[in-house]
Protein chains: 2
Amino acid sequence: MASEHDGGGDPGRTLALLWRGRTAAGRPPGKPVKGRKPRIGVDQIVHAAVAVADAGGLTAVSMARVAEQLGVGPMTLYTHVPGKAELIELMVDAVMTERELPGPGHPARPAGWRAQVEHYAAQTRALHVRHPWLREVSTARPPLGPGMMAEYEYLLSALRDAGLPPSQMFAASGTIVTYVVAAARQEAEDIQIEQATGQTWDAWWGERRHLWDEHFDADAYPTMTQVWLDGGFDDAGDDDTSTEDPYMYGLQRLLDGIEAATRPPRASRP
Amino acid sequence: MASEHDGGGDPGRTLALLWRGRTAAGRPPGKPVKGRKPRIGVDQIVHAAVAVADAGGLTAVSMARVAEQLGVGPMTLYTHVPGKAELIELMVDAVMTERELPGPGHPARPAGWRAQVEHYAAQTRALHVRHPWLREVSTARPPLGPGMMAEYEYLLSALRDAGLPPSQMFAASGTIVTYVVAAARQEAEDIQIEQATGQTWDAWWGERRHLWDEHFDADAYPTMTQVWLDGGFDDAGDDDTSTEDPYMYGLQRLLDGIEAATRPPRASRP
DNA sequence: TCCTATTTTCGTAGGGCATACGGGAATTAT
DNA sequence: ATAATTCCCGTATGCCCTACGAAAATAGGA
């Protein structure tokens, strides 16, 4: 019955772990000093788990394997982390904070809201390339840690500069995150499959070229056939700059649309 | 070492299974008539597996459970499908064909390319709501069956009507699929988590309201705080139509951008 | 120094998973 | 009736998460 999301644990404890006990006042609560000294800590566990996932994907992350990396028994981890689900939450938020998302006033902050969104997209894409296992984790109930907060703080500050009214900020930021994360995940999937199977996209298609001879009926798919004959499936040629990287093409179209919606306040529905 | 994608099997056999032995000429190759009569067939296995996944998610799909549904032993399935990975491919392509995507000339086909893309989006969203487990399957190496072919045939025919040059069709269709599928998956995740844990989005947040008191530092996230104070996170009110469903807002912005890019053939880069 | 409270460490054990292998059962052709 | 062919499935292996409880290590107080 139990699916990927158990959530059986205490949310308060998970939050405290995500923020490493830091409270709003900046005061970590006092720790007891008695008892056996811990050989390992949360940070080391999360770091080891990320290393395992980077190398072998999420399926390679077993409590046994992470513990082995640290030279302790598997059950030792349960002293520091409630369970595997919570460990994965910690992993996600930890790598999220790897992104550099400079706020207003910071010298490294790009100028203009479009450049800022593009910076966010590039950082997010790089993050997924670095940690392809991110795509295997559901973010419908995101880890409410510093990493996720930084993402929204940055994105909202960029859209604020774009002149969006507060009522549209929610929809616009959600849309941008949806598209950018989806594109990043696609790239991550590709990398992950290639490193898991050792097979490139072209090799994979080559193994299935058979499809066209045996099963594909050109009459049943006239448009595909026509576009193929027109060269629509050719790789991006240097002679035609409009045959762009689909990712960048889509991001620019989306930002165009958002920009157009802010400028003239005309009604959008006829 | 082996990840989610083994692909160890024979691609030709999987293709034949996806197309159920139908060749381009429409002739299924002759079948031998000797031997014991099969109690079950591929269609029944796929149907049962989809039912199991609909009820309990992809993790509930085990060979044992699917076999149980059919009243046979687990190992019996291996007579008809090469393995679990291939069974999942068959499941995905099977449900993909559930979408109604009427081609040119069909009476049910919407008029205008935007309406056609919106129809595709609605059908895809409904598909994911019906089968939330789709979001757990990687589509980086999609099943090359009738379902996927129908998707691209429809989308390309719509974009053709939009007047896109062949060189942009690839990027535009890829972008639309990326956004629409990502949004559909998000909705599917929500449904899946709610039916798995019995916990709504609001209840989940309620369990974590603690976050704001204990860990959230308003000074560290000034924009979020300001937007919250401006009411940017309020639920969509009936009085303000611009506070739209993020999904529809994003789709319209994306289509606006694509439309604008086709109309005036001006250079996009300064 | 010894006792005691406290904390960390981890061995064992139980239930589930995919699937290689090979023997037995059912059906048709000869 | 016999042989050929196909389908069905019991068994066995190795991996996973984690509940439970005992053993080990540490600190302060006497």
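Just the heavy atoms: all of them, side chains too, but no hydrogens, waters or symmetry mates, feed the values below. Residue numbers start from 1 in every chain, and the chains themselves are labelled A, B, ... in the order their sequence lines are given, proteins ahead of strands.
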For [X] and [N], what is the distance between atoms [atom1] and [atom2] respectively, to the nearest whole Å?
| X | N | atom1 | atom2 | result |
| --- | --- | --- | --- | --- |
| A/Glu86 | D/dC17 | CD | C1' | 13 Å |
| B/Leu70 | D/dC9 | CG | P | 11 Å |
| B/Leu58 | C/dA18 | CG | P | 11 Å |
| B/Glu68 | D/dC8 | CD | C1' | 17 Å |
| A/Ile45 | C/dT8 | CD1 | P | 11 Å |
| A/Met75 | C/dT12 | CE | C1' | 10 Å |

### Query
In terms of side-chain geometry, is the basic nitrogen of B/Asp43 or B/Arg20 positioned less than 4.0 Å from the acidic oxygen of its partner?
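Judged by the 4.0 Å cut-off on N to carboxylate O distance, B/Asp43 and B/Arg20 do form a salt bridge.
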### Query
Is a salt bridge present between A/Asp190 and B/Arg141, judged by a nitrogen-to-oxygen distance below 4.0 Å?
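Result for this pair is yes, salt bridge flagged.
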Let's see if you can work this out: which of [options] has an atom nearest to the side-chain heavy atoms of [X]?
| X | options | result |
| --- | --- | --- |
| A/Lys37 | D/dT26, D/dT18, C/dT9 | D/dT26 |
| B/Lys34 | D/dC17, D/dA4, C/dA18 | D/dA4 |
| A/Tyr78 | D/dC17, C/dA18, C/dT9 | D/dC17 |

### Task
For atom NE2 of B/His80, decide whether the heavy atoms of other residues, nucleotides or ligands shown that lie under 6.0 angstrom number more than 12.
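Check passes, neighbour count above 12.
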Looking for any heavy atom pair under 4.0 Å, which part of the strands does [X] touch: base, sugar-phosphate only, or nothing?
| X | answer |
| --- | --- |
| A/Thr76 | base |
| A/Val61 | sugar-phosphate |
| A/Thr79 | base |
| B/Met63 | sugar-phosphate |
| A/Ile40 | sugar-phosphate |

### Task
Please check the phosphate of D/dC17 (OP1 and OP2 only) for any side-chain N or O of A/Lys84 closer than 4.0 Å.
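Looking at the OP1 and OP2 atoms of D/dC17, one of them is under 4.0 Å from a side-chain N or O of A/Lys84.
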### Query
Between B/Arg65 and C/dC17, does any side-chain N or O lie under 4.0 Å from OP1 or OP2?
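Answer yes for this pair, as a side-chain N or O of B/Arg65 is under 4.0 Å from OP1 or OP2.
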### Query
Quick one: does A/Arg36 reach the base of C/dT8 with a side-chain donor-acceptor pair under 3.5 Å?
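Checked by distance alone, the answer is yes.
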### Query
With no hydrogens and no angle check, is any side-chain donor or acceptor of B/Trp19 less than 3.5 Å from a backbone partner on B/Leu144?
yes
### Query
Cut-off 3.5 Å, side chains only: do A/Glu194 and A/Thr200 have a donor facing an acceptor?
no
